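Here the structure is a predicted model, which is why all the values come from computation and not from measurement. Counting convention: from 1, in listed order, for ligands and their atoms alike.
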Amino acid sequence: MTNPWDDWDHVLKVDPDKDLRSGETFEDVCRTGTDAIEIGGTLDVTAEKMTRVVDAAAEYDVPLYQEPSNPGVVIDSPALDGYLIPTVFNAGGPFWITGAHKEWVRIDDLDWSRTHTEAYIVMNPEASVAQLTEADCDLSADDVAAYAKVAERMFGQEIVYVEYSGTFGDTEKVAAAHDALDDATLFYGGGIGDYESANEMAAHSDVIVVGDLLHDEGVDAVRETVKGAKDAHDA
Ligand SMILES: CC(C)=CCC/C(C)=C/CC/C(C)=C/CC/C(C)=C/COP(=O)(O)OP(=O)(O)O
Ligand SMILES: O=P(O)(O)OC[C@@H](O)CO
Ligand SMILES: [Mg+2]
C-alpha cells in the first residue's frame with residue numbers, strides 16, 4: 001500500500017497555541033517547501049485554535065494533517081487531508097496508549113479512511129509531551145529499536161515517531177529505530193534548527209519534523225531545514 005508520507009522528507013509542525021513571527025503569514029508558511037503541515041501541540045490547544053490554523057492554511061496546496069493531543073480538539077474540516085493519531089508506546093500508563101483512543105471512538109464518528117496511526121517513542125524527559133504522558137525516556141538504542149519493531153510488527157503502526165521535542169536527539173538511537181523498520185515510515189522530531197541539523201537527522205530517518213523553529217525563527221529558517229532534508233535524501 002502506498003501512503004502520502006512515503007514521498008515526504010520534511011513535515012512542518014504548527015502549534016496552534018503559538019504565534020507566527022511578526023509579519024509572517026500562513027501563505028509564507030505554506031510556501032516553505034515542506035511536504036506537509038501537521039497541526040498540533042501538547043499544551044493549551046483547543047478546537048477553536050485548531051480551526052483558525054486549518055482555515056488559514058486551507059487555500060494553499062500543501063497537505064494538511066491534524067495531530068490531536070486529545071479527543072476534544074479533533075475538528076471536522078474538508079480542508080484536512082487526514083488525522084495522524086499518536087499512541088505513546090513508552091507512556092507511563094494506558095491512557096495515552098489506548099484509553100484516549102477508546103474514548104474518542106466512543107464519542108465520535110470517525111472517518112477511518114482519513115485516520116492514520118503514529119507510534120510515538122518519547123525521548124526528551126523535559127518536554128511537555130513526556131511530562132503529560134509520564135513517559136519512560138530512559139531508553140537505550142536497543143530499547144528504541146525494540147519499541148519500533150513492536151509498533152510495526154505487532155501493532156500495525158504506519159508511522160513510528162522518535163520524539164525529542166525541544167532538543168536535538170541521539171543519532172545512534174534514531175538510526176537504531178530506522179534500521180529496525182521494514183515498512184513503517186520513521187519520523188524524527190526535535191531540536192532541528194538549521195540546514196546542518198536537518199541534514200544530519202534526515203540521514204537517519206525517513207521524514208524530519210520541524211516545530212518550534214517556525215514560531216521562534218520564522219519561515220526562512222524553516223526553508224533551510226527543508227533543503228537540508230532534501231539534500232540528505234537526494235544524496
Ligand atoms: C485519541 C486521540 C484523538 C488523541 C490522543 C493522542 C495521544 C495519545 C496524545 C499523547 C501525545 C501527545 C500530547 C501528542 C501531541 C503532539 C505532540 C507531541 C506535540 C509536541 O508537543 P510539545 O512540543 O511537547 O508541546 P508544547 O510545544 O505544547 O510544549
Ligand atoms: O519543536 P521541535 O523541537 O522542532 O520538535 C518538533 C516536533 O517533534 C514536536 O512534536
Ligand atoms: Mg513544541
Side-chain angles (χ1 to χ4, degrees), residues 10-19 34 36-47 49-50 65-76 80 82-112 114-135 137 151 155 157 159-169 174 186-194 197-198 201-202 205 207-218 221-222 224-226 228-229:
H10 185 284
V11 166
L12 184 55
K13 188 175 291 193
V14 177
D15 187 334
D17 184 49
K18 293 179 184 159
D19 293 327
T34 191
I37 292 177
E38 202 177 7
I39 307 159
T42 301
L43 302 177
D44 301 315
V45 175
T46 62
K49 291 178 193 171
M50 281 281 187
Y65 286 80
Q66 194 187 356
E67 187 189 49
S69 45
N70 66 71
V73 304
V74 177
I75 63 167
D76 184 9
L80 285 170
Y83 302 89
L84 298 176
I85 307 301
T87 288
V88 180
F89 271 62
N90 57 331
F95 184 76
W96 302 108
I97 306 175
T98 53
H101 312 73
K102 181 269 288 176
E103 273 310 293
W104 186 35
V105 171
R106 191 175 65 79
I107 62 180
D108 229 339
D109 189 17
L110 273 65
D111 176 356
W112 290 108
R114 289 194 298 158
T115 301
H116 309 286
T117 57
E118 286 176 324
Y120 265 75
I121 307 168
V122 172
M123 297 298 289
N124 174 13
E126 308 293 320
S128 332
V129 60
Q131 294 182 357
L132 177 74
T133 64
E134 299 176 327
C137 303
F155 289 82
Q157 299 281 300
I159 293 164
V160 172
Y161 191 138
V162 177
E163 169 66 297
Y164 275 93
S165 181
T167 192
F168 193 70
V174 179
L186 184 69
F187 282 29
Y188 166 82
I192 290 177
D194 52 21
S197 49
M201 265 317 169
S205 60
V207 176
I208 58 160
V209 183
V210 171
D212 286 348
L213 188 70
L214 171 69
H215 304 285
D216 295 343
E217 303 292 333
V222 170
E224 288 301 306
T225 65
V226 174

Expected output: side-chain [X] to main-chain [Y] donor-acceptor under 3.5 Å:
X	Y	value
T46	K49	yes
N90	V122	yes
Q66	M50	no
E224	D194	no
N124	S165	yes
N70	G72	yes
H215	D19	yes
S128	T42	no

Between the candidates [options], which shows the shortest non-hydrogen contact distance to [atom]?
atom	options	answer
atom 2 (C) of ligand 1	P71, G99, G40	P71
atom 4 (C) of ligand 1	V45, N70, I39	N70
atom 29 (O) of ligand 1	G41, S128, A135	S128

Among all protein heavy atoms, pick the one closest to [atom] and tell me residue, atom and distance.
atom	result
atom 10 (O) of ligand 2	E163 OE2, 2.5 Å
atom 16 (C) of ligand 1	E67 OE1, 3.2 Å
atom 18 (C) of ligand 1	E163 OE2, 3.3 Å
atom 24 (O) of ligand 1	V129 N, 3.2 Å
atom 4 (O) of ligand 2	G211 N, 2.9 Å
atom 7 (C) of ligand 2	Y161 OH, 3.3 Å

Legend entry - Mode of W96 contact toward ligand 1 - side chain, backbone, both, neither (heavy atoms, under 4.0 Å): both

Inset, instruction - For ligand 1, note which part of P68 has a heavy atom under 4.0 Å away: side chain, backbone, both or neither. - result: both

Those atoms of ligand 1 less than 4.0 Å from some heavy atom in [X]:
X	result
A100	1 (C), 5 (C)
S165	22 (P), 23 (O), 24 (O)
H101	1 (C), 8 (C)
V88	10 (C), 11 (C)
S69	5 (C), 9 (C), 13 (C), 15 (C)

Inset, instruction - Take V45 and D15, measure what side-chain contact (heavy atoms from CB on, under 4.5 Å) needs, and give me the verdict at the end. - result: CA-CA 8 Å; V45 175; D15 187 334; 4.2 Å; yes

Legend entry - Which segment of Y164 sits under 4.0 Å of ligand 2 when only heavy atoms are counted: neither

Inset, instruction - Report yes if some heavy atom in the side chain of H10 is under 4.5 Å from a heavy atom in the side chain of V207; otherwise report no. - result: no

Legend entry - Interfacing atoms of ligand 2 (cut-off 4.0 Å, heavy-atom, G189): 8 (O)

Inset, instruction - Give the atoms of ligand 2, by number and element, whose distance to some non-hydrogen atom of D212 is under 4.0 Å. - result: 1 (O), 2 (P), 4 (O)

Legend entry - Heavy-atom closest pair, residues A229 and A202: CA-CB, 3.7 Å

Inset, instruction - Check S69 against W96 and note the closest heavy-atom contact, atom names and distance. - result: O-CZ3, 3.4 Å

Whether [X] lies under 4.0 Å from ligand 1, heavy atom:
X	value
K18	yes
Y120	yes
P86	yes

Sub-3.5 Å N/O-N/O distance, [X] and ligand 2:
X	answer
G191	yes
S165	no
G166	yes

Inset, instruction - If the plane angle is over 60° it's perpendicular, under 30° parallel, otherwise tilted; pick one for Y188 and Y164. - result: tilted

Legend entry - NZ/NE/NH1/NH2 to OD/OE distance under 4.0 Å, D216 and K18: no

Does the N or O separation between [X] and ligand 1 drop below 3.5 Å for any pair?
X	result
L132	no
T42	yes
L43	yes

Legend entry - Ring centres under 6.0 angstrom apart (F89, F155): yes

Inset, instruction - Give the intermediate values and the outcome of side-chain contact (heavy atoms from CB on, under 4.5 Å) for residues Y161 and E67. - result: CA-CA 12 Å; Y161 191 138; E67 187 189 49; 4.0 Å; yes

